[in-house]
Amino acid sequence: MQIALTELAALRAEGRPAGITSVCSAHPVVLRAALRHGRDRSSTVLIEATCNQVNHLGGYTGMTPADFAALVLRIAKEEGCPESLIVLGGDHLGPNPWRDRAADEAMAEAERMVAAYIEAGFRKIHLDASMGCLGEPAALDDEATARRAARLAAVAETAARRAGATMPVYVIGTEVPPPGGADHTLTAIEPTAASAARRTIDVHRRVFAEAGLAEAFARAIGLVVQPGVEFGNHNVVSYDRSKIEALKQVLDDEPQFVFEAHSTDYQGIGPLAALVADGFPILKVGPELTFVLREALYGLDLIASDLVPDYGERPLYAAMEALMLAHRDNWSRHYHGSEDERRWLRHYSLSDRIRYYWTSEQAQSAVARLCGALAGKSVPRPLFWQHMPAAEQFSDAPLDPEALLVWRVTKSLAEYHAACGGAR
């Protein structure tokens, strides 16, 4: 079922809560799975890019917002997914990629980035100017955050009007720990205090009004708060709805808003459904989807090692290990412990920082070799039972490796879809 972002608060108020999965990934296989899943169920496909991942200067993917939108729409056309089902969002849009610079310089870049997102057709905009820049505290207070958010909203409003396009909807607020998962083993995460959530809304409402942006604030649909869920390198903290009774009251008093839940990866269908019922209908997921994609790729790597003469002993694993050792920036500050522990974390950590490497030429070449080695091969059922038992349906028939990879990602997406109120 297709649901508009602007319907979520009303559905909750009517006692008919429904949710939307926010797919936060730039991996083409993940995007294909999301678009195919949305096509097959005629449901909203919300795909979001983050400020570090995609920006006007390229981000770590090398893609501008226009590049990312073109990639999504190209895959959608290939999959026969109607554009009317697709919503593009920008996540944590603010000065974060340039926080090592002076605030004025960082905000100027953020303004250019927000304009580029709007011009590329993104209409769900998460304004996040909460991080300090050079010489500032690591986290800013609500007043400073709101003033910078309003500055970015003004740019978005101007860009949308200049394009003659649909005006954007906004999400405000942020959460701690930062997106992508924590670096250490977690035991508990405290939900955002209701008083803090109210203060965030009140300050943003006032600051936007003072800036002549009351109309823009009226299109703010969501508030990012911490529901008490998170994942680290080793473990997951599951949702405990008993801890958020006071926080839920905020939505009763502010019927314009719903909560947006970040870092919902690995929660499972029960906790996800509870989040939707409790006022968190926007469920953001990213690392889980590339984690299960990696899981499937490594399973195929093992199968090919056992099945295909001259394929070698796990060459995909070996290629990724060599790549990550040669380029340490994306994992070395996040993985700690002995060399043995850091080795397995590079490949299997729940934070899935290996996802930053799949776009490299070396990784793409290794994946292409794997898929080429298995394409059209009939894989015996016992090999699937050994290395990927859940995929046994692909046994004893000519194998399409990409179809298997899409299937594996879709299994996770189907749980989100069911939790959001759709049929699995």
Side-chain angles (χ1 to χ4, degrees), residues 1-22 43-44 46 48 87 89-91 123-128 130 142-143 145-146 149-150 152-153 156-157 160 166-175 191-229 239 241-262 264 271-284 416 419-422:
M1 177 178 67
Q2 187 171 11
I3 300 173
L5 290 164
T6 50
E7 296 179 291
L8 294 173
L11 288 169
R12 177 190 176 275
E14 293 166 7
R16 299 186 296 121
I20 297 176
T21 306
S22 171
S43 60
T44 305
L46 172 58
E48 302 208 44
V87 178
D91 199 22
R123 287 299 175 268
K124 176 182 178 291
I125 303 298
H126 174 207
L127 299 169
D128 183 7
S130 62
D142 281 314
E143 185 78 21
T145 297
L152 297 175
E157 295 287 291
T166 303
M167 300 304 288
V169 298
Y170 297 103
V171 173
I172 60 174
T174 188
E175 87 294 333
T192 300
S195 58
R198 294 180 193 279
R199 184 167 60 251
T200 296
I201 294 173
D202 290 343
V203 172
H204 278 74
R205 180 182 283 123
R206 172 177 56 78
V207 168
F208 272 57
E210 290 171 355
L213 293 167
E215 181 185 341
F217 190 81
R219 281 183 264 108
I221 61 161
L223 174 67
V224 177
V225 296
Q226 173 55 265
V229 304
Y239 181 52
R241 64 195 316 181
S242 69
K243 293 184 175 181
I244 68 148
E245 286 303 316
L247 191 56
K248 285 164 60 177
Q249 183 62 44
V250 174
L251 296 181
D252 295 335
D253 298 336
E254 294 283 356
Q256 171 181 343
F257 288 91
V258 294
F259 293 137
E260 180 169 280
H262 290 213
T264 68
L272 292 173
L275 281 163
V276 172
D278 290 345
F280 295 85
I282 304 174
L283 300 175
K284 303 184 86 72
Y416 274 83
C420 287

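Only heavy atoms go into these numbers, but all of them, side chains included; no hydrogens, no water, no symmetry mates.
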His204: ring pair (Phe, Tyr, Trp, His ring centres under 6.0 Å) partners, not counting sequence neighbours:
none
Non-hydrogen atoms of Thr166 and Arg123 that approach each other most closely:
O-NE, 2.6 Å
Taking it one step at a time, do His126 and His262 satisfy side-chain contact (heavy atoms from CB on, under 4.5 Å)?
CA-CA 12 Å; His126 174 207; His262 290 213; 4.0 Å; yes
Please identify each residue that fulfils side-chain contact (heavy atoms from CB on, under 4.5 Å) with Thr6, with sequence neighbours left out.
Ala4, Val169, Ile221
Quick one: list whatever passes side-chain contact (heavy atoms from CB on, under 4.5 Å) with Ala218, sequence neighbours left out.
none
By side-chain contact (heavy atoms from CB on, under 4.5 Å), Ala9 pairs with (sequence neighbours left out) Val258
Do you know the tightest heavy-atom contact between Gly89 and Leu46?
N-CD1, 4.4 Å
First locate atom CG of Leu127, then atom CD1 of Ile172, and finally report the distance between them rounded to the nearest 0.5 Å.
8.5 Å
Any salt bridge (Lys or Arg N to Asp or Glu O under 4.0 Å) pairs touching residues 213-222, not counting sequence neighbours?
Glu157-Arg219, Arg161-Glu215, Glu215-Arg219
Go through the structure and list residues passing side-chain contact (heavy atoms from CB on, under 4.5 Å) with Leu251, not counting sequence neighbours.
Arg12, Phe257, Phe259
How long is the straight-line distance from CG of Leu223 back to CZ of Phe280, given to the nearest 0.5 Å?
9.0 Å
All heavy atoms of Ala153 vs all of Leu213, minimum pair found to be CB-CD1, 4.4 Å
Between Ile125 and Pro168, which heavy-atom pair has the shortest distance, and what is it?
CG1-CB, 4.1 Å
Tyr239: what forms a ring pair (Phe, Tyr, Trp, His ring centres under 6.0 Å) with it, not counting sequence neighbours?
none
On a heavy-atom basis, which atom in Gly19 and which in Val276 lie closest, and how many Å separate them?
N-CG1, 3.8 Å
So do the side chains of Pro227 and Leu275 get within less than 4.5 Å of each other, counting heavy atoms only?
yes
With sequence neighbours left out, write down each residue that passes ring pair (Phe, Tyr, Trp, His ring centres under 6.0 Å) with Phe208, or none if nothing qualifies.
Phe217
For the backbone of Leu283 and the side chain of Thr21, can you confirm whether one donor and one acceptor N or O come within less than 3.5 Å of each other?
no
I'd like to check the salt bridge (Lys or Arg N to Asp or Glu O under 4.0 Å) partners of Glu143; sequence neighbours left out, ordered by chain and number.
Arg147, Arg206
Sequence neighbours excluded, the answer for side-chain hydrogen bond (donor to acceptor under 3.5 Å, both in side chains) partners of Gln2 is none
Which heavy atom of Leu272 sits nearest to which heavy atom of Ala419, and what is that distance?
CB-CB, 3.4 Å
Can you sort out the partners of Thr145 under side-chain hydrogen bond (donor to acceptor under 3.5 Å, both in side chains), two or more places apart, ordered by chain and number?
none
Separation between CD1 (Ile244) and CD (Gln249), nearest 0.5 Å, reads 11.5 Å
Are the side chain of Thr44 and the backbone N or O of Ile3 linked by a donor-acceptor pair below 3.5 Å?
yes
Would you please name every residue forming a salt bridge (Lys or Arg N to Asp or Glu O under 4.0 Å) with Asp142, sequence neighbours left out?
Arg199
Separation of Ile282 CD1 from Leu8 CG (nearest 0.5 Å):
5.5 Å
Is the backbone of Arg198 close enough, under 3.5 Å, to the side chain of Glu254 for a donor and an acceptor to pair up by distance?
no
CG of Asp91 to CD of Glu48, rounded to nearest 0.5 Å, is 5.0 Å
Rounded at 0.5 Å granularity, tell me how far CZ in Arg205 sits from CD in Glu210.
13.0 Å
